[in-house]
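To start, the structure under review is shown below, and the notes come after it.
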Protein chains: 2
Amino acid sequence: MTGKRQQAREKNRLTLIEAVLDSVAEKGISETSVSEIIQRAGLSRGMIHLHFGGKDNLLNEAVKHSSEEYYQGLYALLNAAGDTGQERIEMIVRGDLSEEVLNRRNVSIWYAFRGEARNRAAIAAYSDTRDAKLRNMVHDAFSRIAQEAGAAEAADIARDATHGTLAMLEGMWTDYLLHPDIFDREESVRVVFRFLSALFPKHFGVNGAIANGRSKRVDG
Amino acid sequence: MTGKRQQAREKNRLTLIEAVLDSVAEKGISETSVSEIIQRAGLSRGMIHLHFGGKDNLLNEAVKHSSEEYYQGLYALLNAAGDTGQERIEMIVRGDLSEEVLNRRNVSIWYAFRGEARNRAAIAAYSDTRDAKLRNMVHDAFSRIAQEAGAAEAADIARDATHGTLAMLEGMWTDYLLHPDIFDREESVRVVFRFLSALFPKHFGVNGAIANGRSKRVDG
DNA sequence: GATTTAAATGGACGATTGTCCATTTTGGTG
DNA sequence: CACCAAAATGGACAATCGTCCATTTAAATC
């Protein structure tokens, strides 16, 4: 049984991490100082050194925490999804663009850390694992779809579809970062599926993901 | 005629801006201090206040400079391109993913500033104008293509194609940011055109942009 | 060549940074 | 209740931050 002692300890640890994420989201990394953090956390100055050994380690733990939260949300959605490739792709795309995942706080945090990734090995590592996990989920789904389509170059197609879809989602996040006030979730989803329905008409066409995305091919 | 006086003045101004960009690229924004900047520039401490009135203004000017350089490169490419929509799209895509535009220095700088955009109005403004200009160029080209294709919903298609293509390019930049060592330019170009050739087979198909991008539709 | 004036210098300055530890507080145990 | 140890406190500390200005340097003008 965990005593009051250890309970309080872990609670404070988490409070510090949340304070970092709040500060990074609101003020950016460069203004996230020790003073700022402990003020938000309502704890004393020494806690950072006590629990994390220093500010840098605390930042790294905050990145880790944020990354894990992202995946909890996405995995939860995937578990609720069906087994077909198109169902899983649709769930991932809609999930990645949903309010729960794509919101001001998450986007601010994620891009703030990305900007520092080049200079912080620990941040780059978590940025990588996050991307790798998502990539595998998407690639699995497209592999099924491409195989069902029976194209000779199914493997190539699945690889490119994965690459392009993830890149597009990444770009949608950037849209949100730069214009959170005018960002249109439904439009973003529709754009992704317009491209996918052109590439896989059988899977993402009329009866597919989007209501008014009938167009498979535009010309030709 | 510009005398030695003014010549040296402008040279030093530029030296400071370049020093900022070098520092941001190599060390990140948080480690780009006044001391770091003047050391790289080989100038004295007071120059920043003299020429820019403070460090913040210097950073803003550096963002402006970097953004303008990006466009000079892209406009130069576009002027060399043909007049058809597909030629212009191809030039933009290849240009945006070319070594000249997409390299370690530019990517590091761009994402470092993006991470701070939320908290610096001046940076956000230049990030916006850069995106808006590119968006217009791409949208013009897709509008021609969609109209030539003669689809009833040409305007909608052009809008979505623009949105999706720009998002994909954005994602490719992120790929480069995270994995500059294993990034494959040709693969990135091929992925973009695999999607585009599915959407516009006549324009980006067999005789179109990519050598082995024959596949218009994968299934169906 | 002497004078004027714009440009550049480099150190002083107070404010703020992150680290660390002597002290106090508090939950757990005998 | 007394004792121990883990947890938390908050200020001291040197280092660094960005700003600013008295002084020096050197180009332009007379």
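Naming convention: chains lettered A, B, ... in sequence-line order (proteins, then strands); numbering from 1 in each chain.
With DNA chain C read from its 5' end, the first of the two nearest nucleotides for B/Gly46 and A/Gly46 is the one closest to B/Gly46. Place A/Lys4 and A/Val34 on DNA chain C by their nearest nucleotides, and A/Val34 ends up nearer the 5' end. Mapping A/Arg9 and B/Gly53 onto DNA chain D via the closest heavy atom, the residue that lands nearer the 5' end is A/Arg9.
By the 6.0 Å contact criterion, CD on A/Glu18 is enclosed, its count of non-hydrogen atoms from other residues, nucleotides or ligands being greater than 12.
In terms of phosphate contacts, A/Ser35 brings a side-chain nitrogen or oxygen within less than 4.0 Å of OP1 or OP2 of C/dT17. Proximity of B/Asn12 to the phosphate of C/dA7: no side-chain N or O atom is located under 4.0 Å from OP1 or OP2. Here A/His49 reaches the OP1 or OP2 of C/dC20: one of its side-chain N or O atoms lies under 4.0 Å away. Taking only side-chain nitrogens and oxygens, A/His51 comes nearer than 4.0 Å to OP1 or OP2 of D/dA8. Phosphate contact (OP1/OP2 of D/dC17, side-chain N/O of B/Ser33, threshold under 4.0 Å): present.
One atom, NZ of B/Lys11, and another, P of C/dA7, lie 16 Å apart when rounded to the nearest Å. Between B/Lys55 atom NZ and C/dT17 atom P the separation is 13 Å, expressed in whole Å. Atom P of nucleotide C/dT19 and atom CD1 of A/Ile38 are separated by 13 Å, given to the nearest angstrom. The interatomic distance linking B/Arg45 (CZ) with D/dC21 (P) rounds to 15 Å, in whole Å.
Salt-bridge check for B/Lys64 with B/Glu69: failed, with every basic side-chain N at 4.0 Å or more from each acidic carboxylate O. Ion pairing of B/Asp160 with A/Arg194 is present here, as a side-chain N (NZ or NE/NH1/NH2) and a carboxylate O approach within less than 4.0 Å.
The backbone N or O of B/Ile123 lies less than 3.5 Å from no partner atom in the side chain of B/Ser127, so there is not a single donor-acceptor pair.
A donor-acceptor contact under 3.5 Å is not formed by the side chain of A/Arg5 with the base of D/dA7.
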